[in-house]
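In what follows, a structure is listed as structure tokens, so that the remarks can point back to it.
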Amino acid sequence: MGRIRRADVAESLRDQIVTGLHVGRLTGGDRLPPTRALAQEFGVNERVVLAALRTLADEGFVELRPRSGAYVVPPHPTGGSATNAPERG
């Protein structure tokens with residue numbers, strides 16, 4: 001069996017978060033499992049999981065809170081007029 005890279009773990013976690021949000025299993029603000037549990041799930045060292053979580057934090061998928069854990073960031077609304085400049089008439 002080949003080595004599991006940080007990018008592989010990050011991609012798998014990203015998929016789990018996105019799927020969980022879509023099916024209602026996760027909501028913004030939910031705490032992810034502890035690093036130790038994720039490391040066991042993926043069969044990797046905890047440092048690999050931490051690096052993957054940092055990648056996901058940089059991408060805006062999770063928020064890392066010191067001494068507390070990783071939390072799902074609420075999805076951003078897509079579209080809508082709130083982001084559009086007001087029309088001039």
Side-chain angles (χ1 to χ4, degrees):
M1 183 174 186
R3 258 178 76 173
I4 299 174
R5 298 181 353 246
R6 171 191 61 181
D8 298 331
V9 174
E11 183 177 341
S12 183
L13 281 171
R14 183 184 309 106
D15 290 345
Q16 287 182 19
I17 291 168
V18 170
T19 300
L21 288 167
H22 283 295
V23 300
R25 197 171 47 237
L26 289 174
T27 60
D30 283 353
R31 186 173 187 264
L32 294 178
T35 305
R36 182 176 294 153
L38 291 171
Q40 288 177 340
E41 178 181 335
F42 289 104
V44 297
N45 186 289
E46 290 179 42
R47 292 186 304 158
V48 174
V49 172
L50 285 171
L53 289 171
R54 282 190 209 103
T55 298
L56 294 178
D58 290 344
E59 294 174 359
F61 284 95
V62 298
E63 175 188 355
L64 300 178
R65 299 180 191 168
R67 303 178 77 65
S68 180
Y71 294 81
V72 176
V73 172
H76 299 289
T78 57
S81 60
T83 59
N84 296 336
E87 292 183 24
R88 295 184 185 188

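This structure is a prediction, so every number in the text was calculated from the model and none was measured. Worth knowing before you read on, the calculation uses all heavy atoms, side chains too, and leaves out hydrogens, waters and symmetry mates.
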Given the rule in the side chain to side chain contact (heavy atoms under 4.5 Å, CB included) test, do Asp8 and Arg5 qualify, once you have shown the distances and angles that lead to the verdict? CA-CA 5 Å; Asp8 298 331; Arg5 298 181 353 246; 3.8 Å; yes

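Between Glu46 and Thr35 the shortest heavy-atom distance is O-CG2, 3.6 Å. The minimum heavy-atom distance between Leu56 and Ala10, with the atom names listed, is CD2-O, 3.7 Å. Between Gly60 and Val73, the shortest heavy-atom distance links the atoms O-CB, 3.5 Å. Looking at every heavy atom in both residues, Leu38 comes nearest to Pro33 through CD1-O, 3.6 Å.
The side-chain hydrogen bond (donor to acceptor under 3.5 Å, both in side chains) search around Arg14 returns Glu59, not counting sequence neighbours.
In this structure, the side chains of Phe61 and Val18 come closer than 4.5 Å at one or more pairs of heavy atoms. Residues Thr19 and Arg25 are in side-chain contact: their nearest non-hydrogen atoms beyond the backbone lie under 4.5 Å apart. Taking 4.5 Å as the limit, some side-chain heavy atom of Leu21 sits within range of a side-chain heavy atom of Val72. Here the side chains of Phe42 and Val48 are not in contact, with every heavy-atom distance at 4.5 Å or above. No side-chain heavy atom of Arg36 sits less than 4.5 Å from a side-chain heavy atom of Glu41. A 4.5 Å side-chain heavy-atom check between Ile17 and Leu32 finds at least one atom pair inside the cut-off.
Between the side chains of Thr55 and Asp58, not a single donor N or O lies within less than 3.5 Å of an accepting N or O.
By the neighbour-count criterion of 12 heavy atoms within 6.0 Å, atom CZ of Arg31 is densely surrounded, having more than that number from other residues, nucleotides or ligands.
Here the straight-line distance linking atom CZ of Arg6 with atom CG of Leu53 works out to 11.5 Å at 0.5 Å rounding.
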